[in-house]
Each structure stands twice: as structure tokens, then as C-alpha cells.
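Right, one structure below, let's go through it.
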There are 2 protein chains.
Amino acid sequence: MHATSDDRRAISRELVELVFQVTGRLREGFTRAAADLELPPAQAQALVSLQGSARMRDLAEILACDASNVTGIVDGLEQRGLLTRQPDPADRRVKHLVLTEEGERRRAALLAQNAQAADEVFDLPERDQLALRDLLKTLVPDGRHGSCGPRP
Amino acid sequence: MHATSDDRRAISRELVELVFQVTGRLREGFTRAAADLELPPAQAQALVSLQGSARMRDLAEILACDASNVTGIVDGLEQRGLLTRQPDPADRRVKHLVLTEEGERRRAALLAQNAQAADEVFDLPERDQLALRDLLKTLVPDGRHGSCGPRP
DNA sequence: TATTGTTATACTCTATAACTATA
DNA sequence: TATAGTTATAGAGTATAACAATA
């Protein structure tokens, strides 16, 4: 007995379903963590994406959205006192985004809560975790790692 | 040598990343398929969710959104000639959503293109597909199957 | 001329509340 | 009173185009 291509197609439908279920749980976790900190999802996403000093342009790249959106998102974070816009001494067009202490705290809280949700979702014996990781790795083109965080 | 809980946490971060990469590819496929048919994502999602005759209320349930949104989405599909609102003879409050021939064609095209994207993403030896499915199944609470399609 | 960030504007998606017509 | 669908409205999120300041 061997698998027909119909069988394989049926399995791949099932895999789509399962993978969306898992992502849905992770996304729920992120959205809840953001809501707990009273942050709109887009601001929360920007916050976890920021580290050290990034330019507006960099953030737009990271968030994979148009630069015009970043203005509003950063406005929100600035109004909440979570970051400041700092001028670049060498190029007066650019602004550097620097997290405040409170911004760093909220960022750490978001990451921690997100990590906890992930631990709950991927609560498997280590052998299975590793097997799952290796299988997923074969699906993802190399070098694309780290380009995309949890999108609410 | 045994795994510390730090190791396990590191693996679960990696799993989050991988699973979002995979979902991202699937979602891209869906969005592209919708765009090819000149449908906004929500309308495309509604279209693939419709089969036979569903009431507005049912569609809201399936899409997991408020009933008030469904009006607009269905308006769009009706204006494009992809479905009609049919009265219910027994209860004059309810309307049944019935796909037109063109609606069925577009729906089939969407499903086919979506399926092809899935086949490309999950292009593995069958043994690995089955292993992946079984691992993912252990992560997803039973009975939640089929509740959620590809969300753009 | 090209680039950084901003503003103005518009479209989509989603939610709440008030409304209608039925039941 | 309760339900099915609609309308009005509002708030995120995202996109394009035009703009000012700077390179």
C-alpha cells in the first residue's frame, strides 16, 4: 500500500489547519500581553522590535510597513513615555528611537509574557520539541530566520 | 548530559519563529490568491467559508466577527455578482447566502490556489508529513479542528 | 536629485449601539 | 421579549501622494 497524491494533498490540508491553530494560540497570547500593558497591538509589536537605537526607517523595515505608518505608532509610544526621538548629530533628517526605562520595562514584560505563552503551547517532551523543530526547519528557507516576530 | 529548562525555553523560542515563518508563507499565498481574483481578503475569506446555503448569522459565526461586519462583506460579494441574498420562506427575518455560478468558480479557484501554496510549503516526504502532523496534533486541543481557516 | 520623516487622505477590518421587521 | 439583519459611527491598521528639511 502506498500513498496516492490525493492522500498527500489531504495531509497538507490538515497541516495547514493545525499550523493555523498553533499560530492562533500564540497570537492570542501576544494580543493579551499587549492588552495587559494597555498597548495597541501595533505599538506592542514595535516595542518588542526595538533594541538599542533604531531609526524610523529601520523600524518601518522591521515592521514591513510603509514609513508613514511608523510616525503614528511612534507617536503613541512617545506619548506613553516609552521612547524618545533623538536627533542624529551627523544627519539632521534622521531620528533615533531610544526606549526609556519604562519602555525597557514594558518591553521585557511583553517578551516574558510572550515567552510563557510559547512555553505553554510547545509543552512537549524535549525529544518531540527537537523533532518538531527539525521538521519545521526543512520547511523554512534558510537565512530567513529572525525576519518576522509574532504578528497580532 | 540532560537539557536544562533554559535549553527548552530556547527551543520553544525557535519553534515560535519557525511556526510564524510557515504561517506567513501560507498567509501570503492566500492574500495573493485573493488579490489575483480582485477580492479584498475578508471577502475572499467569506467566499471560501460559504457552501450550500448559509444564513448571515452563520457566516458571522464562521468568521468569528460581529454580525454587523457581515453586511458589508456580503454587500461586496453581492455587488461583484458572486452571491445572492435569498429570503427564507419560513422566517422572513433571515436571508440565505447562495453563491452564483461565478461565485462558485471563484471559490474553487481560491481553494485550488490556496491548496497549491500549501502543497508547496509542506513539500516533504510523506513519512515526515505524517510525523509533523502527529506532533502538531499533540499541541492542539482536540475538538477545535475546523474552526479556523487561513486568516489573511 | 534623492532621502528622512511628516501630513493628508482613503480604504479595509472590526466593534458597539441603535434601529427595523419580524417572531 | 428576543432574534436577524441593517445602519451609523468610531477606532485601529495600512497604503499612496504630496510636502518640508536636509543631504
Side-chain angles (χ1 to χ4, degrees), chain A residues 24 27-28 30-32 34-35 37-47 49-50 53-80 83-98 148-152, chain B residues 24 27-28 30-32 34-35 37-47 49-50 53-80 83-98 148-152:
Chain A
R27 196 164 35 193
E28 271 174 38
F30 184 80
T31 305
R32 198 171 336 109
L37 294 173
E38 298 184 342
L39 290 173
Q43 286 181 37
Q45 183 64 48
L47 191 57
S49 305
L50 285 171
S53 165
R55 304 176 310 152
M56 300 285 285
R57 219 66 190 178
D58 299 333
L59 185 53
E61 181 96 8
I62 292 167
L63 298 178
C65 71
D66 192 86
S68 61
N69 303 317
V70 176
T71 300
I73 293 170
V74 168
D75 282 350
L77 290 170
E78 195 171 32
Q79 278 161 26
R80 289 168 208 264
L83 61 72
T84 58
R85 287 167 158 104
Q86 303 287 350
D88 181 317
D91 184 340
R92 287 194 296 177
R93 290 174 306 178
V94 339
K95 289 168 189 170
H96 292 275
L97 306 173
V98 181
C148 171
R151 287 293 160 76
Chain B
R27 196 164 37 194
E28 270 175 39
F30 184 81
T31 304
R32 199 172 334 109
L37 295 174
E38 297 184 342
L39 290 172
Q43 287 182 35
Q45 183 64 48
L47 191 57
S49 305
L50 285 171
S53 165
R55 302 176 313 153
M56 301 285 286
R57 219 67 191 176
D58 300 332
L59 185 54
E61 181 96 9
I62 292 166
L63 298 177
C65 72
D66 192 86
S68 61
N69 303 318
V70 177
T71 300
I73 294 169
V74 168
D75 282 350
L77 290 170
E78 195 171 33
Q79 279 162 25
R80 288 167 209 265
L83 61 72
T84 59
R85 287 165 157 105
Q86 302 287 350
D88 180 317
D91 184 340
R92 287 193 296 176
R93 289 173 307 179
V94 340
K95 290 168 187 169
H96 293 275
L97 306 173
V98 180
C148 169
R151 287 293 159 75

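Chain A is the first sequence line, chain B the second, and so forth, proteins listed ahead of strands; every chain is numbered from 1. Computed from heavy atoms alone, side chains included, the values below leave out hydrogens, waters and symmetry copies.
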Which residues satisfy the side-chain contact (heavy atoms from CB on, under 4.5 Å) test with Ala35(A), sequence neighbours excluded? none

Arg80(B) side chain vs Glu38(B) backbone, donor-acceptor pair below 3.5 Å: yes

Selection from dA15(D), dG5(D), dT6(C) that lies nearest to any side-chain heavy atom of Thr71(B): dG5(D)

Please list, for nucleotides 9-12 of chain C, all pairs of protein and nucleotide N/O atoms separated by less than 3.5 Å.
none

Return a single string for nucleotides 16-23 of chain C, one symbol per nucleotide in 5' to 3' order, where B is base contact, S is sugar-phosphate-only contact and - is none, cutoff 4.0 angstrom on heavy atoms. BB---BBS

Starting at CD of Glu61(B) and ending at C1' of dT14(C), how long is that distance when rounded to a whole Å? 17 Å

Send over the distance from Arg55(B) CZ to dT6(D) P, rounded to a whole Å. 13 Å

Which of dT4(C), dA15(C), dT6(D) is nearest the side chain of Lys95(B)? It is dT6(D)

Listed by chain and number, what are the salt bridge (Lys or Arg N to Asp or Glu O under 4.0 Å) partners of Arg93(A), not counting sequence neighbours? Asp91(A)

Among all residues two or more places apart in sequence or in another chain, which pass the side-chain contact (heavy atoms from CB on, under 4.5 Å) test with Gln86(B)? Thr84(B), His96(B), Val98(B)

Is the shortest heavy-atom distance from the side chain of Arg57(B) to the side chain of Val94(B) under 4.5 Å? no

Comparing nearest nucleotides in DNA chain D, the 5'-proximal residue of the pair Asp75(B), Cys65(A) is Asp75(B)

Output the rounded distance in Å from CG (Leu63(A)) to P (dA12(D)). 17 Å

Can you sort out the partners of Thr71(B) under side-chain contact (heavy atoms from CB on, under 4.5 Å), two or more places apart, ordered by chain and number? Met56(B), Asp75(B), Arg85(B)

What's the CD-P distance between Gln43(A) and dG13(D), to the nearest Å? 7 Å

Please state how far atom CG in Leu83(B) lies from atom P in dG5(D), giving the value in whole angstrom units. 13 Å

